[in-house]
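Here is the structure we will look at, set down as structure tokens.
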Amino acid sequence: MEPVNVAIIYYSSTGTVHALAQAVAEGAEKAGARVRLRRVAETAPPEAVDSNPAWARHLQDAAEIAEAGLDDLDWADATLFGSPTRFGNPSSQLRAFIDTTSPLWQEGRLADKVYSAFTASGTAHGGQESTILALANTFYHWGGIIVPPGYTDPVQFQTGNPYGTSHVAGEGPPGEVVLRAAHHQGRRVVEVAAALKAGRAA
Ligand SMILES: Cc1cc2nc3c(=O)[nH]c(=O)nc-3n(C[C@H](O)[C@H](O)[C@H](O)COP(=O)(O)O)c2cc1C
């Protein structure tokens with residue numbers, strides 16, 4: 001059978017969600033998927049970016065990663081979205097990309113596919129779940145099949161977020177445990193998407 005196509009579409013200002021996205025991509029690749037890692041366009045004005053050296057540096061470092069397009073969503077059997085938590089919600093940059101998807105949605109081309117989400121926040125109770133659930137509102141509109149990590153791997157009991165991989169950026173870069181959780185989320189999404197693909201092909 002054809003491998004599963006997985007798109008990982010994310011936004012990151014200072015590199016935390018980027019690190020999670022890379023780990024999700026590794027997990028999906030190891031599970032046998034064809035993977036597209038895609039960042040959404042930066043929409044903030046240059047003066048805002050330049051006011052934060054870590055933001056300006058990450059924007060430069062991530063320049064070689066291709067920008068997400070509608071063709072990535074169309075191609076994918078499964079898409080994982082990653083965003084920093086912004087006042088308990090996904091970032092405007094990721095929302096701006098999502099708001100371009102109406103043509104695909106209108107044709108029903110986002111339906112019946114697998115979706116999942118991950119995030120980072122500055123603080124432990126800063127709204128990780130609300131960000132992931134806010135992204136899920138869109139997956140409902142698309143008629144998506146939402147695949148959360150739940151407690152389907154021992155690492156989930158260590159990181160403790162069944163909604164999606166999450167990291168507290170205020171505690172430093174993602175460590176080994178959260179990166180393992182990201183691998184698991186990528187792998188699980190591939191496994192469910194592969195089962196659906198095989199069932200439809202049968
Ligand atoms: C406008 C703005 C709003 C934010 N809102 C929250 C928030 O509601 N809760 C929180 O814990 N952190 C908040 N943060 C911190 C970010 O979530 C944190 O910097 C981000 O997860 C780091 O991810 P990145 O390195 O991928 O950009 C906010 C940051 C900005 C700039």
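Values in this document were obtained by computation on a predicted structure and should not be read as measured data.
The pair R34-E2 meets the salt-bridge criterion, since a charged nitrogen lies less than 4.0 angstrom from a carboxylate oxygen. Using a 4.0 Å cut-off between charged side-chain N and carboxylate O, R95 and D99 make a salt bridge. Comment: R187 engages D153 in a salt bridge, judged by a side-chain N to carboxylate O separation of less than 4.0 angstrom. For E176 and R180, the salt-bridge test passes: some basic side-chain N is under 4.0 Å from an acidic carboxylate O. The residues D71 and R36 are annotated as salt-bridged, a charged nitrogen and a carboxylate oxygen being separated by less than 4.0 angstrom.
Atom CH2 of W105 is surrounded by 12 or fewer heavy atoms from other residues, nucleotides or ligands within 6.0 Å. In this structure, F139 places its CZ atom where more than 12 heavy-atom neighbours from other residues, nucleotides or ligands lie under 6.0 Å away. Open room surrounds CD on Q60; 12 or fewer heavy atoms of other groups in view lie less than 6.0 Å from it.
Side-chain contact between V17 and H167: absent, with no pair of heavy atoms (C-beta onward) separated by less than 4.5 Å. Residues T165 and T159 form no side-chain contact, since every pair of their non-hydrogen atoms from C-beta on lies 4.5 Å or further apart. Side-chain contact between F97 and L73 is present, with at least one heavy-atom pair separated by less than 4.5 Å.
No donor-acceptor distance shorter than 3.5 angstrom exists from the side chain of Q93 to the backbone of Y11, with no hydrogens or angles considered. In terms of modelled atom types and a separation under 3.5 Å, the side chain of E42 and the main chain of A44 share a donor-acceptor contact. Proximity of a side-chain donor or acceptor of S166 to a complementary backbone N or O of Q128 within less than 3.5 Å is not detected. Remark: the backbone N or O of G126 is not paired with any side-chain donor or acceptor of S121 at under 3.5 angstrom. When atom types are taken as modelled, the side chain of D72 and the backbone of G69 share a donor-acceptor pair closer than 3.5 angstrom. Under a 3.5 Å cut-off, the side chain of E29 and the backbone N or O of V35 do not form any donor-acceptor pair. Within the 3.5 Å criterion, the main-chain N or O of L110 finds a donor-acceptor partner in the side chain of Y115. Using a distance-only test at 3.5 Å, with no hydrogens or angles considered, no donor-acceptor pair links the side chain of R39 to the main chain of Y10. The main-chain N or O of G186 is never found under 3.5 Å from a side-chain atom of K30 such that the two would form a donor-acceptor pair. Under the 3.5 Å distance criterion, the side-chain polar atoms of K197 are matched with a main-chain donor or acceptor of P3.
Hydrophobic clustering (ILVMFWY, side-chain heavy atoms < 4.5 Å, transitive): F81 and L20 are in distinct clusters. Under the 4.5 Å side-chain heavy-atom criterion for grouping Ile, Leu, Val, Met, Phe, Trp and Tyr, W55 is connected to L94 within one hydrophobic cluster. I132 and L80 fall into different hydrophobic clusters, where Ile, Leu, Val, Met, Phe, Trp and Tyr side chains are chained together by heavy-atom contacts under 4.5 Å.
In this structure, a donor-acceptor pair under 3.5 Å is absent between the side chains of Q156 and H184. The closest side-chain donor-acceptor pair between T85 and T131 falls under 3.5 angstrom. A donor-acceptor contact closer than 3.5 angstrom is absent between the side chains of H58 and S13.
The distance from the OG atom of S116 to the CD1 atom of I8 is 10.5 Å, given to the nearest 0.5 Å.
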- Item | Verdict with reasoning, R38 to E67, per side-chain contact (heavy atoms from CB on, under 4.5 Å) | CA-CA 5 Å; R38 298 286 186 264; E67 263 185 28; over 6 Å; no

- Message: Would F118 and V24 count as a side-chain contact (heavy atoms from CB on, under 4.5 Å) here? Give the steps.
- Response: CA-CA 9 Å; F118 54 96; V24 169; 4.1 Å; yes

